[in-house]
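For reference, the structure discussed in these notes is given below.
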Protein chains: 2
Amino acid sequence: MGRRSDHSREEIQAMAITAAAKLVEAEGFQSLTARKVAKAIGYTVGTLYHVFRNFDDLVIHLNARTIDEMAALIQQQIRKKRNPEVRIRVMAEFYVQYATDHPDRWRLVFEHQAPRGLPTPELMKERRDVMFELVAENLRELAPDRIPHEVAHTATALWSGIHGICILALTGKLYLGGAFSMVKLIETLVDSVLNEFRHR
Amino acid sequence: MGRRSDHSREEIQAMAITAAAKLVEAEGFQSLTARKVAKAIGYTVGTLYHVFRNFDDLVIHLNARTIDEMAALIQQQIRKKRNPEVRIRVMAEFYVQYATDHPDRWRLVFEHQAPRGLPTPELMKERRDVMFELVAENLRELAPDRIPHEVAHTATALWSGIHGICILALTGKLYLGGAFSMVKLIETLVDSVLNEFRHR
DNA sequence: GGTATAAATTGAACGCCGTTTAATTAAGCG
DNA sequence: CGCTTAATTAAACGGCGTTCAATTTATACC
């Protein structure tokens with residue numbers, strides 16, 4: 001066969017990313033392969049390599065979409081709230097929610113890594129700090145006279161901590177059960193860091 | 001060739017784990033393969049499968065050793081300290097130290113996962129909570145009259161948070177530089193959680 | 001409208017992976 | 001020394017990411 005032009009480059013890209021997302025959710029990110037994605041969209045691997053530089057490039061595009069989806073969901077939720085502290089708590093709540101609802105897509109964002117030595121792709125750089133900046137924005141509103149550096153520092157510490165709880169819980173490395181829950185752990189962390197932020 | 005009996009089963013296991021550790025440190029955990037390990041110890045893959053159930057089994061043994069090494073290092077450090085708060089801070093400091101010194105071995109512990117559906121191997125179950133329990137011990141000493149559940153909860157929140165900072169920093173997903181450092185982030189988290197723990 | 005050009009798509013190949021298995025080799029024993 | 005048993009190997013399998021020559025088709029031009 002040859003040139004079909006049923007779909008443009010961009011369409012094939014989008015189809016591939018969508019198919020990859022579904023495969024990851026259905027079978028886990030560890031068993032995502034280029035051949036499966038190609039088959040799912042009715043093309044062969046070759047076409048995939050015509051549209052993505054390599055398999056990592058496909059994964060990076062999928063991860064970018066995952067981050068965009070998650071950020072959109074979270075921003076939609078905090079738009080309903082006026083109080084910056086409440087907003088931060090809602091952000092944490094829905095971060096956990098998204099991670100729990102799409103564990104494999106979420107883990108792929110953090111556990112994928114391009115081959116050693118290569119620089120972080122632009123697509124990821126743009127999205128790396130989106131959550132941190134969202135937290136920092138609201139911390140700033142919570143205490144407008146704090147110096148920016150301090151705000152950014154606290155935002156980083158808080159959000160990294162929340163992320164840690166998510167990762168360990170989702171990978172089964174956290175004892176949960178009984179009165180133990182992710183939600184309560186996150187609450188403790190948010191309470192602690194916010195109190196510390198206020199009182200000094 | 002055939003039966004050489006140069007080494008016992010246990011010796012070959014230990015040699016393989018050591019070789020795997022070196023390969024991981026030298027080339028990254030992503031490119032660890034059974035054939036490389038076999039070659040490094042002067043055997044073929046077949047022998048490796050005679051001694052481990054499969055490749056995941058080898059990785060699990062390596063991870064167990066990594067956790068043991070790290071825990072030993074940390075316990076050795078806190079033995080020098082009497083104050084439980086100081087001990088917790090030293091634990092955090094050396095956790096970061098180990099992760100930074102052996103990034104690929106450390107990441108392998110947390111990013112490896114046995115094929116979907118299989119239960120957590122005993123080898124890992126025994127080691128999963130070692131750090132949490134170490135923290136809880138010292139929290140308990142810090143506030144002997146708190147109920148055990150509360151202590152365990154705080155220990156989990158604190159250590160997950162520290163872990164989150166480590167993971168994000170080591171995978172290049174954290175803005176560091178200038179006055180930003182892992183050590184300072186960790187300090188903030190420890191301060192926050194310990195203060196919260198004391199004041200309520 | 002036929003034809004040359006350029007682009008999309010394929011299928012087959014490459015070297016590597018984890019894993020399995022039959023065949024070989026050597027050690028231990030009577 | 002021959003037999004048994006177990007360790008070790010080499011080869012094979014299917015699947016992986018990746019590359020590329022060959023093929024097919026859409027498009028631009030005369």
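Per chain, numbering begins at 1; letters A, B, ... match sequence-line order.
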Using the 3.5 Å cut-off, write out each protein N or O paired with an N or O of nucleotides 19-21 of chain D and the distance between them.
none

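- Every residue meeting the side chain to side chain contact (heavy atoms under 4.5 Å, CB included) condition with A:Arg107, not counting sequence neighbours, appears here in chain and number order: A:Phe29, A:Glu111, A:Thr171, B:Gln113.
- A 6.0 Å sphere centred on CZ of B:Arg53 holds no more than 12 heavy atoms belonging to other residues, nucleotides or ligands.
- Partners of B:Thr44 by side chain to side chain contact (heavy atoms under 4.5 Å, CB included), not counting sequence neighbours, listed by chain and number: B:Thr47.
- Here the C1' atom of nucleotide C:dT19 and the CG atom of B:Asp56 are 12 Å apart, to the nearest Å.
- Counting non-hydrogen atoms of other residues, nucleotides and ligands closer than 6.0 Å to NZ of A:Lys81 gives a total of 12 or fewer.
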Output side-chain donor-acceptor pairs under 3.5 Å for residues 66-76 of chain A, partner residues at least two apart or in another chain, one line each.
| unit_1 | atom_1 | unit_2 | atom_2 | d |
| --- | --- | --- | --- | --- |
| A:Thr66 | OG1 | A:Leu62 | O | 3.0 |
| A:Thr66 | OG1 | A:Arg105 | NE | 3.2 |
| A:Thr66 | OG1 | A:Arg105 | NH2 | 3.1 |
| A:Asp68 | OD1 | A:Arg127 | NE | 2.8 |
| A:Asp68 | OD2 | A:Arg127 | NE | 3.2 |
| A:Asp68 | OD2 | A:Arg127 | NH2 | 2.9 |
| A:Glu69 | OE1 | A:Tyr98 | OH | 3.4 |
| A:Glu69 | OE2 | A:Arg105 | NH2 | 3.3 |

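- Sequence order on DNA chain C of the closest nucleotides to A:Thr44 and B:Phe55 puts A:Thr44 first from the 5' end.
- At whole-Å resolution of the value, CZ in B:Phe52 and P in C:dT19 are 13 Å apart.
- Atom CD in B:Gln30 sits roughly 15 Å away from atom C1' in D:dC16 (whole-Å rounding).
- Atom P of nucleotide C:dT19 and atom CG of B:Asp57 are separated by 10 Å, given to the nearest angstrom.
- As rounded to whole Å, 17 Å separates atom P of C:dA26 from atom NE2 of B:His7.
- One can place CG of A:Asp6 at 17 Å from P of D:dT24, the figure rounded to the nearest angstrom.
- Residue contacts for A:Ile12: at a heavy-atom cut-off of 4.0 Å it reaches the sugar-phosphate backbone alone, with no base atom in range.
- No donor-acceptor pair closer than 3.5 Å links the side chain of B:Arg89 to the backbone N or O of B:Glu187.
- The CD-C1' distance, from A:Gln13 to C:dA8, rounds to 15 Å in whole Å.
- Heavy atoms of other residues, nucleotides or ligands lying less than 6.0 angstrom from NZ of B:Lys36 number more than 12.
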Distance-only donor-acceptor pairs under 3.5 Å for side chains of residues 156-165 of chain B, two or more places apart:
| unit_1 | atom_1 | unit_2 | atom_2 | d |
| --- | --- | --- | --- | --- |
| B:Thr156 | OG1 | B:Ala152 | O | 2.8 |
| B:Ser160 | OG | B:Thr156 | O | 2.7 |
| B:His163 | ND1 | B:Tyr95 | OH | 3.0 |

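- Counting only N and O atoms by type, the side chains of B:His50 and B:Tyr43 include no donor and acceptor under 3.5 Å apart.
- Distance B:His50 NE2 to C:dA26 P: 17 Å, rounded to the nearest Å.
- Near DNA chain C, meaning a heavy atom under 4.0 Å from it, residues 31-39 of chain B has B:Leu32, B:Thr33, B:Ala34, B:Arg35 in order of number.
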